[in-house]
Amino acid sequence: MPKWLKNAVFYEIYPQSYYDTNADGIGDFNGIIEKLDYICSLGCNALWINPCYDSPFKDAGYDVRDYKKVAPRYGTNSDLYRLFGEAHRRGMHVLLDLVPGHTSEEHAWFKESQKAEKNEYSNRYIWTNSWFQAPSGYPYVSGECERDGVYLLNFFKCQPALNYGFYECKEDWQLPMDHPDCIATREAMKDVMRFWLDHGCDGFRVDMADSLVKNDDANKSGTCAIWRNVREMLNAEYPEAAIVSEWSNPQLSLKAGFHMDFYLNHRGNGYNTLLRDYENYKDGEDHSFFCKDGEGDIMRFLKDYLPKYTATKGDGYISMLTCNHDTFRPKYSLSDSELKIAYAFIFTMPGVPFLYYGDEIGMRYRKLKSKEGGYVRTGSRTPMQWSGEKNAGFSAGASDALYLPVDVTEGSPDVASQEADENSLLHTVRELLALRHAEEDLQADAEFEAVFAESGTLPFVYRRGNILVALNPSEDVVSVPLDVDGRKIIYRIGGGVAEDGELALGPQSCLVLK
């Protein structure tokens, strides 16, 4: 396990929307470099950068055309290498997005694979043996290639599936995992990883990590075997490199070799009930735990989370996130005061937390037309809002040339205005992350225990090592009998006291006691 993960706090950057230094309306590597000191000031000491490879951008870069070349709109490979170096100089680590399950249909591998003549890339993707052999149960494309066959997709039409084999072969066109051509696909992806690690990258967030082996069993045994093989390579050659999976099944992913697994916003799971419980009701009624009047139930979270936490202690970390590029921003339904309590929870829980760019100031979700395959996700990918200047300080370019429009509606947040307000969400994020870094018991691996958690009752109190955290997201004053003798309050949001065997919290409050 890379030691640096214990005290890591990640900041996710959607590069095209972060900071534009050449006035073309698209964020770039130099923009990220210019903002590294700001990111450090938040308390984030690690970055996850969304796909920045050469791409036709039919799926915002998740359709890779060349794994070893960056997209020119962000800069050059040398610019990215410089970003690694500048981050390291500040004690930061950088993860790139790895897309192992598919490429763009414009990738050189696929151009060779689609040829009628057999070559070393013929089986790099999954093909049937004939143009009329439609693969049952799989999305596919036919009629576009000279090769006699149809090819499988991993997601969008522009993303042909790479061939890691089938766990159980049922058709004559399906290859087993141990076929040399399937092994070659795995080794090619390890070669991509080595390329970036050798140039200063510190690891990878892995897109659709469970999507490799087809016809896999319920436990994803085939896909897990591939990731264990990758982990063996990392342990031997890059022991401080880290990988985090887009899987949200830590009992499988962490035992398969990932160091971290995202707790994703899957409808009805424990994480979903905290911030986005409006998705579970047809009328949009919000019962999120951190909604002040939502009457949310923390037990819905704990019943899902605790078995995962207990089963994976020692295997790796479950990663909480404020949001990501695929999810409605939390400001969609929660106010800044509600977000402060939600962030207090996220940044004091076990595992390695991730902060999505702009969530530190409460950037809003916006209903926009789809951009580069974003669809409803597009509204969470808008430019970072730095100031009240032109284009919210994101770009000096023409407003109609921006990657996406900035939020200029009344009350839209920006960094500069929140810097000047000591009660802002931005300042609260900085305080919480400073607390996490200062207290080892609030970091990734300290023990977690629910001390007081009951359906329909507040507060929620939990222990991290020797520290107690108490949360009251409601507008009511709440209390619980609790022996807190010998403890002192080391951080608070809102009002509250701990005395005479009782813990009392004011409306929308958090107390941290040591």
Side-chain angles (χ1 to χ4, degrees), residues 12-20 22-28 31 49-65 71-74 97 99 102 104-106 139 141 153-159 207-208 246 264-267 275-276 278-279 282-284 286 321-334 356-359 361-414:
E12 180 190 349
I13 295 177
Y14 201 64
Q16 50 266 65
S17 294
Y18 199 59
Y19 188 54
D20 170 24
N22 62 1
D24 66 352
I26 296 178
D28 44 53
I49 300 176
N50 289 115
C52 53
Y53 314 110
D54 181 46
S55 168
F57 289 100
K58 295 180 180 179
D59 186 20
Y62 284 95
D63 49 325
V64 178
R65 184 163 50 199
R73 72 188 197 179
Y74 302 132
D97 226 316
V99 188
H102 54 262
S104 164
E105 59 196 346
E106 297 182 20
V141 169
L153 301 173
N154 222 33
F155 195 50
F156 287 169
K157 179 264 176 189
C158 61
Q159 295 165 328
D207 181 65
M208 297 177 65
E246 185 193 32
L264 297 172
N265 188 62
H266 292 166
R267 184 168 293 187
L275 306 172
R276 300 174 182 86
Y278 53 82
E279 295 180 339
K282 291 182 179 180
D283 59 1
D286 192 355
L321 60 161
T322 61
C323 184
N324 67 17
H325 60 290
D326 289 333
T327 307
F328 280 22
R329 287 191 182 272
K331 190 63 179 288
Y332 178 77
S333 64
L334 300 180
Y356 187 48
Y357 84 95
D359 279 354
I361 57 172
M363 278 179 57
R364 299 184 286 206
Y365 173 83
R366 305 184 64 208
K367 293 183 179 179
L368 299 172
K369 291 182 180 179
S370 181
K371 177 81 171 185
E372 295 183 350
Y375 297 99
V376 298
R377 305 172 298 177
T378 302
S380 291
R381 300 175 177 184
T382 56
M384 180 66 177
Q385 293 160 202
W386 295 103
S387 69
E389 299 175 350
K390 178 183 177 181
N391 297 325
F394 163 70
S395 172
S399 297
D400 60 2
L402 301 187
Y403 175 75
L404 287 170
V406 297
D407 184 359
V408 294
T409 56
E410 184 178 357
S412 61
D414 62 67

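Atom CE of residue Met384 and atom CD1 of residue Ile13 lie 9.5 Å apart, to the nearest 0.5 angstrom. One finds the CD atom of Glu279 at 8.0 Å from the OG1 atom of Thr327 (value rounded to the nearest 0.5 Å). Here the OG-CG distance, from Ser333 to Leu275, works out to 7.5 Å after rounding to the nearest 0.5 Å. Note: Gln16 CD to Asp24 CG = 11.5 Å, rounded to the nearest 0.5 Å.
Checked for salt-bridge contact, Asp63 and Lys58 miss the test: no charged N lies under 4.0 Å from a carboxylate O. A salt bridge does not link Asp28 with Arg73: every distance from a Lys NZ or Arg NE/NH1/NH2 to an Asp or Glu carboxylate oxygen is 4.0 Å or more.
Nearest heavy atoms, Gly61 versus Pro51: O-CB, 3.3 Å. Summarising the geometry of Pro330 relative to Arg276, their closest heavy-atom pair is CD-NH2, 3.7 Å, with the distance given to 0.1 Å. Across all their heavy atoms, Phe394 and Tyr18 have their closest contact at CD1-O, 3.5 Å. For Ser370 against Thr378, the heavy-atom pair with the smallest separation is CA-OG1, 3.5 Å. Closest approach of Arg366 to Pro405, counting heavy atoms only: NH1-O, 3.0 Å. A pairwise comparison of heavy atoms in Asp54 and Pro72 identifies OD1-CD, 4.0 Å as the closest pair.
Between Leu321 and Asn265, every side-chain heavy-atom pair lies at or beyond the 4.5 Å cut-off. The closest side-chain heavy-atom distance from Asp407 to Met363 is not below 4.5 Å. Residues Thr409 and Arg364 are in side-chain contact: their nearest non-hydrogen atoms beyond the backbone lie under 4.5 Å apart. Side-chain contact between Ser104 and Val64 is absent, with no heavy-atom pair separated by less than 4.5 Å. Side-chain atoms of Ile26 and Asp20, non-hydrogen and from C-beta on, never get closer than 4.5 Å to each other. Looking only at side-chain heavy atoms (C-beta outward), Thr382 and Val406 stay at 4.5 Å or farther from each other.
Residues meeting the salt bridge (Lys or Arg N to Asp or Glu O under 4.0 Å) test with Glu12, sequence neighbours left out: none. Under the ring pair (Phe, Tyr, Trp, His ring centres under 6.0 Å) criterion, Phe328 pairs with Tyr332, Tyr365, not counting sequence neighbours.
Paired with Asp59 under the rule side-chain hydrogen bond (donor to acceptor under 3.5 Å, both in side chains), one option of His102, Gln159, Lys157 passes, and it is Gln159.
Classified by interplanar angle (parallel below 30°, tilted 30° to 60°, perpendicular above 60°), the ring pair Tyr357/Tyr14 is parallel.
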Which atom pairs, donor and acceptor, lie under 3.5 Å between side-chain atoms of residues 396-404 and protein residues at least two apart or in another chain?
unit_1	atom_1	unit_2	atom_2	d
Ser399	OG	Asn391	OD1	2.7
Tyr403	OH	Glu372	OE1	3.0

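Within the 3.5 Å criterion, the main-chain N or O of Ala23 finds no donor-acceptor partner in the side chain of Ser395. At distances below 3.5 Å, at least one donor-acceptor pair connects side-chain atoms of Glu246 with backbone N or O atoms of Met208.
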Report task. Walk me through it: do Arg65 and Tyr53 pass the test side-chain contact (heavy atoms from CB on, under 4.5 Å)? Result -> CA-CA 7 Å; Arg65 184 163 50 199; Tyr53 314 110; over 6 Å; no
Query raised in the report: Hey, mind stepping through Asp326 and Arg381 against salt bridge (charged side-chain N to carboxylate O under 4.0 Å, His left out) and telling me if it holds?
Result: CA-CA 9 Å; Asp326 289 333; Arg381 300 175 177 184; 3.1 Å; yes
Query raised in the report: Should Leu264 and Asn324 be marked as a side-chain contact (heavy atoms from CB on, under 4.5 Å) after you check the CA-CA gap, both sets of side-chain angles, and the distance that decides it?
Result: CA-CA 9 Å; Leu264 297 172; Asn324 67 17; 3.9 Å; yes
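The six-membered or imidazole ring of His325 lies near that of Tyr62, with a centre-to-centre distance under 6.0 Å.
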